[in-house]
S.K.: 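Before I ask anything, let me first share the structure, which is written out below as structure tokens.
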Protein chains: 2
Amino acid sequence: MSEHEMQNTRESILIAARNVFVKKGYAGARMQEIADEAGINKALLHYYFKNKETLFEMILFEALKTIQSGILVVLESEMDLFEKIRFFCSRYISFLQSNTYLVSFILNEINRDQEKLVKYFTRAGIKAPEKLMIQIEEETLKGNIRKTDPRQLVLNILSLCIFPFIARPIVKGVFRIQEKEYNELIERRKKEVPEWIISSLKKE
Amino acid sequence: MSEHEMQNTRESILIAARNVFVKKGYAGARMQEIADEAGINKALLHYYFKNKETLFEMILFEALKTIQSGILVVLESEMDLFEKIRFFCSRYISFLQSNTYLVSFILNEINRDQEKLVKYFTRAGIKAPEKLMIQIEEETLKGNIRKTDPRQLVLNILSLCIFPFIARPIVKGVFRIQEKEYNELIERRKKEVPEWIISSLKKE
DNA sequence: GTCTATAGCCAGATAGAC
DNA sequence: GTCTATCTGGCTATAGAC
């Protein structure tokens, strides 16, 4: 069944490529290593994907769509502000726990080709969270929260959710903590991050 | 004056290498490009530095020492807790504004050789901020602040200071803001980040 | 200390058999 | 669709002249 085989091969190439690109970055990744990890040879790689760049972009795009549909959609939902912050932070951290590759993958790309990266973000449907930003402005006007620049709030939420995944190896090394303990640290942040954010929004 | 010449050449190689490594990462950087940017040829590069890896490590080590002596020392100073948080956040953000290369540089290395990276952190004298962590425990015991895991606090401070520099190209792209405006956003964080942190520490 | 020229290797990509 | 063999280019590193 050639079509079925094809699906399998193609799929295993994509998985292998994702692993290698995450570990080595674009420039450091080797087509040979991807082929090995997929259990095929280099020639077949080029049969399925024209070249390294194409293969990489395929995976980048998939990753961004995963982020968009897996988590960012929450920001446009109808929950009220505090509820949304609690739900989003906790969900985002869980999401990154089970998709750790996403962070490294995008980091690797940030310094390589920023223009292209932004283009792919747009193409994957990732955009400024209008709904959330309107909610913040409304609550500020109503006097329910401190005067807050919505963009700063979004930056803070992203910082507190994402950075611990970026800095993991360094923080582990410097604080001398083990993988298990670091994971517990992150686990606790699902509850704590939204509370910190909310306490910074409340008036004294 | 050969020794003087040598200092100049060596220095210009280091500067050129830093620029190229920051832009391209280790694997993406080309010795030819470094030579061009330094205004010399490849052979001379290998005359001064045995190989690419050596050159890279030299620059990495310099970068880490800059971070340690330029900013992290503050954490061990004698200021009281809130004063220290205000001073550190504001100084850290200023520091990154004038040393933007540092963030990309370390990011590039994070996924390449974590073990070596941590070793260099240690060798550069970067370690857990004992003094700060003790202060937090003391203030918690005295009942002046909420019960707080010192490591979470450190993670939060670093997240809020560093992440905006990492995510700059993406945030700019997604929010459609220009370089100038993004810099103003960051500028304001010098005052705001410490206040958010402190408000999360205060009891209700 | 600085250069030109080149060795030697390795990676991405393709030709062509099965 | 998958393989082996190979081309081609580019990159690190060195030899050797000045």
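Owing to the predicted nature of the structure, the values given are computational and were not obtained by experimental measurement. Within every chain, numbering begins at 1; the chains are lettered A, B, ... in the order of the sequence lines, protein sequences first and strands thereafter.
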S.K.: Classify the angle between the aromatic ring planes of Tyr26(A) and Phe21(A) as parallel (below 30°), tilted (30 to 60°) or perpendicular (above 60°).
M.R.: parallel
S.K.: Output, in order, the C-alpha distance, side-chain angles, deciding distance and verdict of side-chain hydrogen bond (donor to acceptor under 3.5 Å, both in side chains) for Gln135(B) and Lys84(B).
M.R.: CA-CA 10 Å; Gln135(B) 284 181 299; Lys84(B) 185 182 281 188; 2.8 Å; yes
S.K.: Looking at Glu179(B), I'd like to know if its CD atom is crowded, meaning that more than 12 non-hydrogen atoms belonging to other residues, nucleotides or ligands lie closer than 6.0 Å.
M.R.: yes
S.K.: Can you check whether Phe163(A) and Phe163(B) have ring centres sitting under 6.0 Å from each other?
M.R.: no
S.K.: Can you tell me the distance, in whole Å, between the CG atom of Asp36(B) and the P atom of dC3(C)?
M.R.: 11 Å
S.K.: For dG1(C), take OP1 and OP2 only and decide whether either is under 4.0 Å from a side-chain N or O of Thr9(B).
M.R.: no
S.K.: Tell me whether Arg189(B) is salt-bridged to Glu192(B), with the criterion being a basic N under 4.0 Å from an acidic carboxylate O.
M.R.: no
S.K.: For every nucleotide of nucleotides 4-18 of chain C, 5' to 3': is a protein heavy atom under 4.0 Å from its base (B), only from its sugar-phosphate (S), or from neither (-)?
M.R.: B------SBBBB---
S.K.: Starting at atom CZ of Phe49(B), determine the distance to atom P of dT14(D), rounded to an integer number of angstrom.
M.R.: 15 Å
